[in-house]
Amino acid sequence: MVGAELDTAMVPAAPKGKRSIMDRFIDFIELVAAFFVGIVAADIFISVLLRYFFSIQIPDAYDFGRLLLGILIFWGIAATSYRGTHITVDLVWANVNERWQRYIDVFATLVLLFVVTVQTYTLFDKVATTRADNVLTFELHLPVWPFFAVAWAGDVSAVLLIAIRTYRLIFHPEDIGRGYQIKPVE
Amino acid sequence: MSTNAIAIIGFVALFGLMLMRVPVGMAMGLVGVTGFGWIVGSGPALKMIGQTSMRTVTDYNFGVIPMFLLMGAFVSNSGMSRELFRAANSFVGHRRGGLGIATIAACGGFAAISGSSVATAATFSAVAYPEMRRYGYPQSFATGVIAAGGTLGAMLPPSTVLAVYGIITEQDIGKLFIAGIVPGILAMLMYMGTIALLTALWPSYLPAGPRSSWKERAAALTDVWATLVLFCFVVGGLYGLPFLPRFTPTEAGGVGAAGAFLIGVLRGRLAGADIRKSLLQATRTAAAVFTVLIGALLFGYFLTITQTPQKVTEFLTALGIGRYGVLALIMLMYLVLGCLMDAMAMIILTVPIIFPVITALGFDPIWFGVIIVMTVELGLIHPPVGMNVFVIKSVIPDVSFSTIFYGVLPFIITDLIRLVILIAFPILALWLPSHM
């Protein structure tokens with residue numbers, strides 16, 4: 001119950017009964033990221049358990065851990081960007097009327113869209129150079145670039161979701177949760 | 001154009017973007033890359049984005065953040081907070097102000113297995129507030145004590161804010177966590193002392209609750225075994241206690257998350273929906289933190305190329321007010337900034353500039369981590385943007401902001417005294433890590 005209250009306070013949800021294909025797509029992206037958080041935790045826990053208690057090392061556990069971390073973060077950024085739960089300074093926003101709040105939100109989301117689009121473009125270059133340089137994991141010698149490519153796909157999703165958020169903020173603001181959102185990062 | 005002018009334009013643009021609610025990390029990244037590109041050229045600047053972003057998110061050591069966030073989410077959603085409050089309440093609830101003291105003790109216990117002030121405040125708004133109101137505690141005190149108790153989340157290990165400070169300043173996160181233990185316990189004791197003082201001055205202000213029998217106390221104590229096991233294993237492993245495997249901070253987080261998950265599932269407290277919710281909470285928060293980390297690193301290149309930290313260091317050390325004078329100025333700046341932005345934004349924005357000043361003045365970086373977290377945590381409870389106050393208001397809508405701020409006032413005074421004590425006696429923070 002406590003968690004539910006905390007969750008409700010943190011994340012604005014679309015109105016019930018209006019969950020479109022787009023909302024389900026956003027939910028799916030969040031679940032992908034959440035799945036990878038669980039996998040990273042399991043990877044660390046099992047490798048620690050095996051190393052300390054059975055002196056067994058999972059090959060490339062370290063590389064898998066960090067590469068999966070990259071995937072989860074980029075997919076998580078996609079969901080966070082759409083939900084509007086990034087860390088922001090709300091001083092001006094909280095002290096203006098709803099009309100100006102909307103203008104500020106549209107401006108901030110357009111800047112966000114620009115920055116993430118540039119990031120996605122430059123990340124593609126990083127994926128390509130990693131592939132060209134044939135970077136491999138330390139023990140199993142697996143190519144690293146497919147992991148980077150999956151992470152990059154998360155950033156592509158972020159661009160898509162921010163574009164959707166911008167569209168909704170401008171044309172269908174009722175589809176975006178309004179009101180003050182608490183950032184759970186402190 | 002001189003690098004000084006470019007730096008000033010960069011800072012003005014950064015604050016302008018942040019005030020227009022552009023996410024802090026994105027604003028820092030945009031200004032950092034643009035400024036760097038202005039001086040060095042757009043090619044290297046663009047190259048820097050992809051490389052820095054990928055390097056940050058695939059750094060194994062940074063995994064400490066999502067892992068401890070996941071541990072905190074599992075702990076929150078498996079109801080351990082209620083057990084902690086019940087146990088503390090059974091021992092002190094019958095005294096005047098006892099429910100407030102029990103709230104502080106339970107907040108401390110919860111903070112020891114969760115790294116978030118906001119989560120601690122939100123959790124105890126639902127757990128402790130109804131109990132305090134039931135026994136006639138004033139609304140202002142009940143909310144004030146929760147807001148103050150919530151700040152323990154950032155001081156006692158694991159702490160997300162201390163982990164971020166460690167990443168930015170390249171300090172040992174394990175040592176930072178351990179350094180937070182004594183100041184965190186001191187905070188608990190001083191908050192309890194404040195409540196005792198309020199009760200002594202105004203005996204009718206805080207009524208007493210019912211007395212629990214020793215049988216009830218024993219039963220309540222046995223319920224908190226899970227919290228104790230989790231804390232001892234994670235922090236003991238970080239510290240290197242005998243008979244425990246020694247963990248790196250990321251491993252401690254992973255083991256803590258898996259431990260919280262297993263304990264929750266085995267006790268029937270975590271079902272499918274709770275697990276999913278916990279994973280989602282950890283993902284959202286981790287993504288928000290990593291966005292600012294990437295932005296901070298990109299902005300760091302801009303600071304380096306404009307030599308801003310060196311210039312700030314030269315300026316402050318040339319003031320002739322001594323090292324403690326400079327430290328007092330910095331603390332004052334953080335207290336003022338706390339009126340404008342939240343703790344994480346403050347740390348990420350200012351530490352890359354302030355940290356070189358601190359090391360140049362000969363202060364210990366681990367000690368400064370504790371001091372700075374204490375200072376920015378004050379911003380969580382003082383007006384106008386106290387984040388814990390907003391959280392409490394969202395969970396308890398019928399209480400006004402002014403009521404909460406009124407209730408938290410005695411604890412702000414306590415925090416300021418504690419800050420002075422920690423500055424005067426750095427050993428309080430440094431003794432435990434020196435034995436690691």
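Computed from heavy atoms alone, side chains included, the values below leave out hydrogens, waters and symmetry copies. Every chain is numbered from 1 and lettered A, B, ... according to where its sequence line falls, protein lines coming before strand lines.
Contact annotation for A:Phe53: only side-chain heavy atoms (C-beta onward) come within less than 4.5 Å of a heavy atom of chain B. Proximity to chain A (any heavy atom under 4.5 Å) is shown, for B:Val24, by both the backbone and the side chain. Proximity to chain B is limited to the side chain of A:Phe114, based on heavy atoms less than 4.5 angstrom apart. With a threshold of 4.5 angstrom between heavy atoms, A:Val115 approaches chain B through side-chain atoms but not through N, CA, C or O. Proximity to chain A is limited to the side chain of B:Leu70, based on heavy atoms less than 4.5 angstrom apart. Residue A:Ala79 does not touch chain B at all, counting heavy-atom pairs closer than 4.5 Å. Contact of B:Ile65 with chain A is not made at all, since no heavy-atom distance falls under 4.5 Å. Interface remark: B:Ser278 contributes no atoms to any contact with chain A (heavy atom separation under 4.5 Å).
Put simply, of A:Asp63, A:Leu110, A:Leu31, the one with the most heavy-atom pairs under 4.5 Å next to chain B is A:Leu31. Per-residue heavy-atom pair counts under 4.5 Å with chain A were compared for B:Met18, B:Lys47, B:Glu251, and the maximum is reached by B:Glu251. The most heavy-atom pairs under 4.5 Å with chain B, out of A:Thr130, A:Ile73, A:Asp125, A:Ile104, come from A:Ile73. Of the listed residues (B:Ile294, B:Thr58, B:Val164, B:Leu46), the one with the most heavy-atom contacts under 4.5 Å to chain A is B:Thr58. Ranking A:Asp43, A:Val92, A:Leu69, A:Ile71 against chain B, the residue ahead of the rest is A:Leu69, based on heavy-atom pairs under 4.5 Å. By number of non-hydrogen pairs under 4.5 angstrom with chain B, the leading residue of A:Ala108, A:Gly65, A:Ala34, A:Ala78 is A:Ala34.
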- Under the salt bridge (Lys or Arg N to Asp or Glu O under 4.0 Å) rule, what do B:Lys277 and B:Asp274 come out as? Steps first, then yes or no, please. CA-CA 5 Å; B:Lys277 193 195 307 164; B:Asp274 296 318; 3.8 Å; yes
- Residue pair B:Tyr60, A:Tyr62: steps toward the ring pair (Phe, Tyr, Trp, His ring centres under 6.0 Å) verdict: CA-CA 7 Å; B:Tyr60 188 83; A:Tyr62 178 85; 4.6 Å; yes
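Salt bridge status for A:Arg24 with A:Asp27: absent, with no side-chain N to carboxylate O gap under 4.0 Å.
With B:Phe401 as the aromatic partner, B:Lys393 meets the cation-pi criteria of under 6.0 angstrom to the ring centre and within 45 degrees of the ring axis.
Atom CZ in A:Phe45 sits 5.5 Å away from atom CG in B:Leu262 (nearest 0.5 Å). Rounding to the nearest 0.5 Å places CZ of A:Phe36 at 11.0 Å from CG of A:Leu67.
Within a 6.0 Å radius of CZ in A:Phe35, no more than 12 heavy atoms belonging to other residues, nucleotides or ligands are found. Surrounding CZ of B:Arg269 are more than 12 heavy atoms belonging to other residues, nucleotides or ligands, all under 6.0 Å away.
Ring centroids of A:Trp145 and A:Phe148 are separated by 6.0 Å or more, keeping the two rings apart.
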